[in-house]
J.: 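Supplied in C-alpha cells, the structure appears directly below.
Heavy-atom basis, side chains included; hydrogens, waters and symmetry copies ignored.
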Amino acid sequence: MNILEKNIQALASGTNEPLALKLNDFLKNQKCTRFSLDENLNIFDLKNQVFMYNDVNQEIDYFKNAILEKTLRYPFVCIYGIGNALLLKSLISFYKHIFIFESQIELFILALGAIDLSEELSNGKIYLVDINEKKVNIQLSMLFDQKDMFEYLSLYEIFMNSYYKTYFIKEIKFVNKVIYNNINFVIRSLDPNLNIFLNCYDNFIQNIPLILKSIPFQKIIQERKNQFENCIVVCAGPSLEKQIPLLKKYQENFVIFCADGAFPLLYKNDIIPDYVLNADLHQLPVKFFKDIEEQKIRKTLFILAQSTHPDVIKTIFQKKLNFCILLNKDLLFERLQIHKFGYLDIGTHVGHMCYTLALTLGFKNIIIIGQDLAYSKERNSHYTGFVLGKNIDNTLNIPSLKILAYGGEGKVLTHLAWDDYRKKIEFLFADNSQTNFYNATEGGARIAFTKELSFKECCLKFANQKKKILEIPKVLTSNRSDKLLKKVIEILKQDLFTINQALEDAKTLYDALEKILLNENKLTLEFLLNVNKNIENFIFYIDRKLFFLNRILKGIFIHKGIKLSSIIMKKMKDERKYLIEIIEIYKDWLVLLIEKLNIQKESLEKII
C-alpha cells in the first residue's frame, strides 16, 4: 500500500469519510492539472505560474517558528492550506489537534501522496477540512464540540503562508466566517450560564414519579413502528393559518405530529393530531391544554420530555389524557435503568423532538408545515391567535439577522435562537438522508436538506389512503411502577453521595489554593508545577466521578476554558508567574463548581 492509499484509508476509517470518498473519486476519474510536486516537495501552481515556496525547508522552518511563537501553550492550531504537508509533521508534537482547511482537491492529493500522516489522521491529531464539503458546518460543529476543544475555542485564529495569503484570500475570508459562526454556535449550545441544564435536571427529578406512571416509550415503538409511511409535522409559525383548511381536509390520510404551541389552533378547527409534543422547561405551555376535553382527543398521545415543566405534566395527568414522558438519549438517564421509558434525541426545541419521533417510528416521508423560523412581513413570530401572543418573540430581546428565504430568493428576518435551531435540524435531516423531508411551510426561512414543495402538492402526492386508528399502549401496573421508583431512588442516593464527596474535595482544594496564593512570593517553580498537576488530577477525578453529569459539567468547563484562555493569550514567558495566574483562575472556578453542584444536590434532596 503506498502513502496516498494509507492516508486515504485513515480518513475513511471514521475521521473524515466524505473527504476519503472524494479523493478516491478524483483518482478514478481525474488527474492533477493545476498543481504538480517536484523532487524537493515544492508545489508548482500552473494557473498562477508560481512555486508555493521560495525555499521549501527554510520557509517551512520559518513558518513553523512563527506559529509556535504566536500559539504558546495552545492546545490546537488552525492553518489554511495543506501545502506539501511537511509543516504538519513538524508541528504535530506541539498540539493536541491541528486543523487544516483547504479548497483544492489536487493539493490534498499531492500532500497526502508525499507525507505519511496516516497515524495522525486516524487518531484525530490532524483533521483535514474540505471547505467545499456540503456538510462542512456539521463537521466543524462536531469537531469543536469535542471534550478537549470546546473549552478553548476563544483561542481560535487561523494561519497561512504567503502563497495562500496571496492567491486564496477569498477562500480564507469564507473559512474564517464559517469557523467563527460555528464556534459561537457551539458555545451557545453548551449554555455557558448553566441555567437551562440545571432547570432541566430539577424538572426531571420532580417528574420521576409521573414518568413511571406514563406509557412506556418502548411500548409505543413496539406497537407503532413502521405502521405508516407518511406524516405531517405541524409547527406554530405565522404561516400555519393558511394551511389549516388543507390539513383539516386531509387529516384522516396522515399521521399528524403537532408541536404544543400549534395544538390550540388545530383543536379549535376540529383537527385532532395523533401526537402532541412538549419539551418546554417553563410553565407557560399549561395554557395550550387549558380547555381541552378528554373525550374529544381520546386517541391522541401527548409525548412529553423528561424535563417538561412539572405543572404541564400535572395538567395533562389530571385531565386523564394519554401521555408518555420519555427520556433523552443521555448517560444521565440511561444509568437509571428505566429503559422502557427511553430513549429519544429530544434536542432543544419541540420541532426537533417531532422529527426524531417520526424518524424513530419509521416514517419515510415527513411533511413540514408552520416551520417558518422567521418573522412574517407583519413582524409576527407565530400565527394569529397564538395563546402566548402572535408577536411574543419580539419581547425576548434576541439579536436578529437576515437569512435566505424559503424558495431560495431574497432574505427574511429571523433571530439568533431560531437560526441556531435551523442549523440543528439541518444536521438532523442531513444525517437521515434515507427519509424524505418535504418543507411545505411556504414561507419563512429556507431549510437545507429538505425538498420544498407546496402543501397542496404534498397532500395530492401522499394522501393515498386513510390511516388506521391504533390502540393506546398500556401503562405499567402500579406495583411495577412502584418497584422501579424504589430502584431509581437508590441510584439517585448514590449520585447524591458522589456529589457530596465531590463537594467536600472541591472545598478542601479551594482552601488549599487560597493558602498557597497567600504565600505566592515564596513558592518555587517546582512546587507550583506540582500544585498545577494536583489540580489537573482533581479535574480528571471530577470528570470521571461525575460522568453522569456530563452535560452540566460541560458548561462549567466552558467557564474554566474561557478564563484559562485569557491567561494563555498573554503568552507569558515567565513560567512561574504564568502558573500563579492559572492557580488563581482554578481557585475562582472552584467557587462556580461548588455553587452548581449544590444546586443539583438540592434537586436530588427533593425526591430522596
Side-chain angles (χ1 to χ4, degrees), residues 229-271 273 277 349-352 354-355 358 363-386 390-394 400-415 417-419 421-426 428-430 432 435-464:
E229 288 196 349
N230 311 316
C231 71
I232 299 171
V233 171
V234 184
C235 300
S239 68
L240 179 58
E241 289 167 273
K242 68 185 178 189
Q243 313 290 22
I244 291 298
L246 269 177
L247 183 62
K248 186 171 184 177
K249 178 180 178 182
Y250 288 100
Q251 67 171 309
E252 293 182 356
N253 301 99
F254 294 96
V255 174
I256 299 173
F257 294 84
C258 175
D260 54 350
F263 176 66
L265 182 62
L266 270 59
Y267 186 81
K268 176 185 172 184
N269 285 277
D270 295 319
I271 300 169
L277 289 86
H349 290 71
V350 67
H352 187 285
C354 289
Y355 302 127
F363 286 89
K364 301 293 185 289
N365 302 298
I366 299 176
I367 301 161
I368 304 163
I369 59 174
Q371 186 77 93
D372 294 67
L373 299 176
Y375 294 105
S376 67
K377 289 178 182 177
E378 297 75 28
R379 198 56 198 268
N380 293 331
S381 57
H382 294 78
Y383 62 84
T384 303
F386 182 65
K390 64 182 180 181
N391 58 0
I392 185 172
D393 281 57
N394 288 301
S400 59
L401 65 154
K402 288 195 172 182
I403 59 171
L404 193 63
Y406 185 93
E409 293 183 11
K411 301 277 186 176
V412 286
L413 187 69
T414 186
H415 60 59
W418 279 336
D419 199 45
Y421 169 52
R422 176 184 60 81
K423 292 172 185 173
K424 288 174 183 175
I425 59 172
E426 285 178 347
L428 178 70
F429 297 163
N432 289 278
T435 302
N436 297 308
F437 296 92
Y438 294 91
N439 188 357
T441 296
E442 298 179 77
R446 163 159 275 195
I447 302 172
F449 306 106
T450 65
K451 301 173 184 178
E452 291 181 341
L453 199 65
S454 74
F455 190 36
K456 183 177 181 180
E457 288 175 289
C458 286
C459 290
L460 293 173
K461 183 179 177 75
F462 296 110
N464 41 32

J.: Can you name the closest pair of heavy atoms from F363 and T435 and give their distance?
T.: O-CG2, 3.6 Å
J.: Output, in order, the C-alpha distance, side-chain angles, deciding distance and verdict of side chain to side chain donor-acceptor pair (under 3.5 Å) for N230 and N365.
T.: CA-CA 5 Å; N230 311 316; N365 302 298; 2.8 Å; yes
J.: For E241, check salt bridge (charged side-chain N to carboxylate O under 4.0 Å, His left out) against everything at least two apart and list the hits.
T.: none
J.: Please test K411 against I403 for side-chain contact (heavy atoms from CB on, under 4.5 Å), starting from the C-alpha separation and ending with a verdict.
T.: CA-CA 5 Å; K411 301 277 186 176; I403 59 171; 5.7 Å; no
J.: So do the side chains of P238 and Y383 get within less than 4.5 Å of each other, counting heavy atoms only?
T.: no
J.: At their closest point, which heavy atom of N432 faces which heavy atom of F437, and how far apart are they?
T.: O-CE1, 3.6 Å
J.: Is it true that a side-chain atom of Y355 and a backbone atom of I366 form a donor plus acceptor pair closer than 3.5 Å?
T.: no
J.: Using side-chain contact (heavy atoms from CB on, under 4.5 Å) as the criterion, list what pairs up with K461, not counting sequence neighbours.
T.: Y438, L453
J.: When you compare the side chains of R379 and N394, does any donor N or O come within less than 3.5 Å of an acceptor on the partner?
T.: yes
J.: Would you say that I369 contacts V233 through its side chain, given a criterion of any heavy-atom pair below 4.5 Å between the two side chains?
T.: no
J.: If I compare all heavy atoms of F386 with all of A236, which pair ends up nearest, and what's the gap?
T.: CE1-CB, 4.2 Å
J.: Would you say the side-chain atoms of K451 and N436 include a donor-acceptor pair closer than 3.5 Å?
T.: yes
J.: Could I get the full list of side-chain contact (heavy atoms from CB on, under 4.5 Å) partners for A374, not counting sequence neighbours?
T.: V412, T414
J.: Is L460 close to F455 at the side-chain level, that is, under 4.5 Å between some pair of heavy atoms?
T.: no
J.: Using modelled atom types only, decide if a donor and an acceptor are shared between the side chain of N269 and the backbone of I271 within a distance under 3.5 Å.
T.: no
J.: Taking L240's backbone N and O only, do any of them form a donor-acceptor pair with Q243's side chain (distance below 3.5 Å, no angle check)?
T.: no
J.: Supply the atom-to-atom distance E442 CD to E457 CD, rounded to the nearest 0.5 angstrom.
T.: 8.0 Å
J.: CD1/I425 to NE2/H349 distance, rounded to the nearest 0.5 angstrom?
T.: 9.5 Å
J.: Minimum heavy-atom separation for Q371 to I447, with atom names?
T.: CG-CD1, 3.9 Å
J.: Hey, are the side chains of F462 and I232 touching, using non-hydrogen atoms and a 4.5 Å cut-off?
T.: no
J.: What is the minimum heavy-atom distance between W418 and D393, and which atoms define it?
T.: CZ2-OD2, 3.5 Å
J.: Tell me, please, which residues at least two apart from K423 pass salt bridge (charged side-chain N to carboxylate O under 4.0 Å, His left out).
T.: D419
J.: Return the minimal non-hydrogen interatomic distance between C458 and I367, and the atom names on each side.
T.: CB-CD1, 3.8 Å
J.: Any non-hydrogen side-chain atom of R446 less than 4.5 Å from a side-chain atom of E452?
T.: yes
J.: Drop me the distance from L373's CG to S239's OG, to the nearest 0.5 angstrom.
T.: 10.0 Å
J.: Does the plane of the ring in H415 sit parallel, tilted or perpendicular to the ring in Y375? Use 30° and 60° as the thresholds.
T.: perpendicular
J.: Report, one line per pair, each donor and acceptor closer than 3.5 Å where one atom sits in a side chain of residues 253-268; sequence neighbours left out.
T.:
from : atom 1 : to   : atom 2 : distance (Å)
N253 : ND2    : Q465 : O      : 3.2
D260 : OD2    : N278 : ND2    : 2.4
Y267 : OH     : E293 : N      : 3.0

J.: What residues, two or more places apart in sequence or in another chain, satisfy side chain to side chain donor-acceptor pair (under 3.5 Å) together with H352?
T.: none
J.: Roughly how far, to the nearest 0.5 Å, is the NE2 atom of H382 from the NZ atom of K390?
T.: 13.0 Å
